[in-house]
Amino acid sequence: MNVITCENYQETSRKAADIVIGQIKQKPTSVLGLATGSTPLGLYEYLSKAYQNGTVSFSDAITFNLDEYIGISHDHPQSYHYYMDRHFFSKVDIREENTHLPDNDEDRLDAIADEYNALLKENPIDLQILGIGSNGHIGFNEPGTPFGNETFITCLDEQTRKDNARFFGSLEEVPKKAITMGIKNIMRSERILLLANGKEKADAIHGMMHGEVTEDLPASVLQLHPDVTIIIDKQAAKKVSS
Ligand code: PGA
């Protein structure tokens, strides 16, 4: 794993943006795997600014998001459809038909998962952006998820629901289920870029890099991927030996 330790959040976001911009410049038709949550907000801001000042265009890029909650509508302010639109898609020149998030229509979740897997096979991801949960999840692949899973319906870990309660009015309002790309989809990406900030992530980062590869800490699977870059701030890096 290639580790880049930064002074602060701004620097992690800027370095991540430089890598994404480099990828798009080198291959304008790149397929990007995208993440949500608080971590990549700065990255999306840098990318949006880079588009606005003419540095990069996303007009030929294709995107696939990792996951979506089940039980809230696409226009709910905490849905990832809403998040992506608000923080990235509406700010750049990406074509709507080139953006993909797993749908969360509860009447056809299995079919949606199959369709998402088929689309991912047709459009292999060149660069996958990841955050990491304080419990070591990537996407919504919670501890205990088999590494062999493709897109599937998952029950959110209690730790994840508590971590994400800050975005909702209360813990009760945090959905209990989600649809997520599986570890197998993530591991097929050509290149992976994982971002983490803050001391809450320090244990997960340490386990991911130096612990055993185990389904109990899903991000540890990244030790088996040939091209992973980790961009972290000093707080998230504080338990990592360099
Ligand atoms: P966060 O979430 O960016 O909001 O900390 C990361 C994650 O759960 O993967």
Side-chain angles (χ1 to χ4, degrees), residues 6 8-17 20 32-47 64-70 72 76-84 86-88 101-102 125 128-145 149 151-152 154-168 171 173-183 185-187 189 192-209 215-222 228-238:
C6 301
N8 53 38
Y9 180 69
Q10 286 308 321
E11 195 184 342
T12 57
S13 302
R14 187 169 44 75
K15 291 221 156 96
V20 176
L32 301 176
L34 299 180
T36 48
S38 53
T39 305
L41 285 172
L43 163 64
Y44 293 135
E45 212 176 304
Y46 273 108
L47 292 178
F64 285 88
N65 266 77
L66 286 166
D67 45 22
E68 178 58 288
Y69 290 114
I70 293 172
I72 59 176
H76 186 291
Q78 295 311 327
S79 90
Y80 293 152
H81 280 79
Y82 184 95
Y83 171 115
M84 288 310 301
R86 170 160 179 221
H87 296 295
F88 188 47
L101 285 98
I125 291 174
Q128 173 68 56
I129 313 293
L130 294 175
I132 184 170
S134 63
N135 64 359
H137 76 199
I138 46 177
F140 275 138
N141 291 280
E142 301 289 19
T145 303
N149 274 19
T151 308
F152 72 111
T154 183
C155 289
L156 296 180
D157 195 60
E158 271 318 289
Q159 186 60 50
T160 298
R161 294 189 64 245
K162 279 186 200 144
D163 288 349
N164 289 3
R166 68 191 194 279
F167 301 119
F168 290 81
L171 180 59
E173 287 171 65
V174 183
K176 296 201 160 91
K177 290 198 293 177
I179 179 165
T180 185
M181 252 190 227
I183 300 273
N185 304 107
I186 293 170
M187 290 295 279
S189 311
I192 294 179
L193 179 58
L194 183 141
L195 311 178
N197 296 272
K199 61 182 186 325
E200 301 76 19
K201 303 291 172 70
D203 284 327
I205 291 292
H206 177 263
M208 170 182 78
M209 292 176 59
E215 289 172 353
D216 293 338
L217 198 130
S220 65
V221 76
L222 300 178
V228 178
T229 298
I230 295 162
I231 306 186
I232 48 182
D233 70 355
K234 281 183 163 171
Q235 294 292 318
K238 72 181 188 180

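Atoms within a ligand are numbered from 1 in the order they appear, just like the ligands themselves.
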Legend entry - Within-cut-off N or O pair, Ser38 and ligand 1, under 3.5 Å: yes

Inset, instruction - Measure from the side-chain N and O atoms of Glu11 to the backbone N and O of Cys6, and report whether any donor-acceptor pair falls under 3.5 Å. - result: no

Inset, instruction - Keeping the roles fixed (side chain from Lys201, backbone from Ile132), state whether a donor-acceptor pair exists under 3.5 Å. - result: yes

Using a 4.0 Å cut-off to any heavy atom of [X], which atoms of ligand 1 qualify?
{"X": "Gly37", "value": "3 (O), 4 (O)"}
{"X": "Gly131", "value": "9 (O)"}
{"X": "Arg166", "value": "4 (O), 5 (O)"}

Inset, instruction - Tell me yes or no: between the side chains of Glu142 and Thr154, is some donor less than 3.5 Å from an acceptor? - result: no

Inset, instruction - Would you check if the distance from the ring center of Phe167 to the ring center of Tyr83 is below 6.0 Å? - result: no

Inset, instruction - Could you tell me whether the side chain of Phe152 reaches within less than 4.5 Å of the side chain of Thr145, counting heavy atoms only? - result: yes

Inset, instruction - Going by the side chain to side chain contact (heavy atoms under 4.5 Å, CB included) test, name the single residue among Leu222, Ile230, Val228, Thr39 that passes it with Leu130. - result: Leu222

Legend entry - Any Gln159 heavy atom less than 4.0 Å to ligand 1: no

Legend entry - Close approach, His137 and ligand 1, non-hydrogen under 4.0 angstrom: yes

Identity and distance of the protein heavy atom lying nearest [atom]:
{"atom": "atom 5 (O) of ligand 1", "answer": "Lys201 NZ, 2.6 Å"}
{"atom": "atom 6 (C) of ligand 1", "answer": "Ile132 O, 3.5 Å"}
{"atom": "atom 3 (O) of ligand 1", "answer": "Thr39 OG1, 2.5 Å"}

Legend entry - Within 6.0 angstrom of Lys177 NZ, more than 12 heavy atoms from elsewhere: no

